[in-house]
Amino acid sequence: MKRKKLKPEFFRRKNVLQVARDLLGKILVSNQDGLVTAGRIVEVEAYQGVTDKASHAYGGRRTNRTEVMYARGGVAYVYLCYGIHHLFNVVTNEKEIPHAILVRALEPLEGIETMLARTGKKRAGYSLTRGPGNLSKAMGIRRQHSGYSLQLAALYIADDNYRFGKDRLRSSPRIGVDYAGEDAKRPYRFYLQGNPFVSGKNS
DNA sequence: GAGTAGATCCTCT
DNA sequence: GAGGATCTACTCA
């Protein structure tokens, strides 16, 4: 199957919700330490920058950590949560607009042995790449990847022309952002209905 | 199967 | 010095 690396223009579109929806079904490829792992994206969450309380960049907050989100679309934003989990995001939109998309779940396609070794799991169960913490671990994504261009060979997103029925595209409120008040209820989470790798309730 | 506690460390105040 | 875009294991049923 032929894969085409997504161009920067894909990520630089203004509507982060549209980009998030379009990311579903695409393939995330990592090439770390000479080991290739790849998986199809089945769940994402959009974070709408300065107007979104759940975003790190809410209200124009700008720190060392969030600086990457203000870059032009098409780079990775990785950060450590709860001292344990690395969360992988894709920065979108133009420079100075800190929109980002959190990739929450993948369906493993390549390098499953490598994923097992990285996560310390014995069997390739659904939990291998379900949830942002597991996903990053399985793909070998770490904090130092923050700011990486997705045009490099080490980490990129590709389209293999996979298509799915529109009726399988679902949205829901985001997960784990209860602190964000009203913004926590926005339906900015998108996933493929019925895919067993999607985290949380799958209906 | 559902609910809860604990892990663990970087970042910002 | 507090807290977080989470996961796992353990308890109880």
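Here is how names work: the chains are called A, B, and so on, in the same order as the sequence lines, proteins then strands, and each is numbered from 1.
The nucleotide range of DNA chain C contacted by chain A, defined by atoms under 4.0 angstrom from heavy atoms of the protein and reported 5' to 3', is C:dG4 to C:dT8.
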Dot-bracket encoding of pairs in DNA chain C, which uses [ ] for pseudoknotted crossings and | for another strand, Watson-Crick or G-U under 3.5 angstrom: ||||.|||||||.

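Residue contacts for A:Lys121: at a heavy-atom cut-off of 4.0 Å it reaches the sugar-phosphate backbone alone, with no base atom in range. Contacts of A:Arg130 with the nucleic acid, taken as non-hydrogen atoms under 4.0 Å apart, involve only primed sugar atoms and P, OP1 or OP2. Contact annotation for A:Asn89: base contact, defined as any heavy-atom pair under 4.0 Å involving a base atom. Residue contacts for A:Arg174: at a heavy-atom cut-off of 4.0 Å it reaches no nucleic acid atom on any strand shown.
Whole-Å rounding puts the A:Leu87 CG to B:dC9 P distance at 16 Å. Distance A:Glu67 CD to B:dT11 P: 14 Å, rounded to the nearest Å.
A:Arg13 forms a cation-pi arrangement with A:Phe10, by the criterion of a distance under 6.0 Å to the ring centre and an angle within 45° of the ring axis. The cationic group of A:Arg174 lies under 6.0 Å from the six-membered ring centre of A:Tyr47 and within 45° of the ring axis, placing it in a cation-pi geometry.
Taking for each of A:Ala54 and A:Ser127 the nucleotide of DNA chain C with the nearest heavy atom, the 5'-most of the two is the partner of A:Ala54.
Near DNA chain B, defined here as any heavy-atom distance below 4.0 Å, there are no residues from residues 94-110 of chain A.
The existence of a salt bridge linking A:Glu45 and A:Arg186 is excluded, since no basic side-chain nitrogen approaches an acidic carboxylate oxygen closer than 4.0 Å.
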Return the polar atom pairs (N/O with N/O) between nucleotides 1-8 of chain B and the protein under 3.5 Å, or none.
unit_1: B:dT8; atom_1: O2; unit_2: A:Tyr82; atom_2: O; d: 2.6

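No side-chain N or O of A:Ser199 forms a donor-acceptor pair with one of A:Arg130 less than 3.5 Å apart.
Remark: aromatic rings of A:His145 and A:Tyr148 are close, center separation under 6.0 Å.
Remark: A:Gln144 CD is packed, more than 12 non-hydrogen atoms of other residues, nucleotides or ligands lying under 6.0 Å away.
Qualifying side-chain contact (heavy atoms from CB on, under 4.5 Å) partners for A:Asn93, counting only residues two or more places apart in sequence or in other chains: A:Lys14, A:Ile97, A:His99.
Hydrophobic clustering places A:Val19 together with A:Leu17 (ILVMFWY residues linked when any side-chain heavy atoms are closer than 4.5 Å, directly or through intermediates). Connection of A:Val44 to A:Val68 is not established within any shared hydrophobic cluster, with ILVMFWY side chains joined at heavy-atom distances below 4.5 Å, either directly or through further cluster members.
The aromatic rings of A:Phe164 and A:Tyr162 sit tilted relative to each other, their planes meeting at an angle between 30° and 60°.
Contact annotation: A:Arg65 side-chain N/O to B:dT13 OP1/OP2 distance is not under 4.0 Å.
Side-chain contact check for A:Tyr156 versus A:Asn31: every heavy-atom pair is 4.5 Å or farther apart. Considering only heavy atoms from C-beta on, A:Arg3 comes within 4.5 Å of A:Val29 through its side chain.
Residue A:Ile84 is found outside any hydrophobic cluster, as its side-chain heavy atoms come under 4.5 Å of no other Ile, Leu, Val, Met, Phe, Trp or Tyr.
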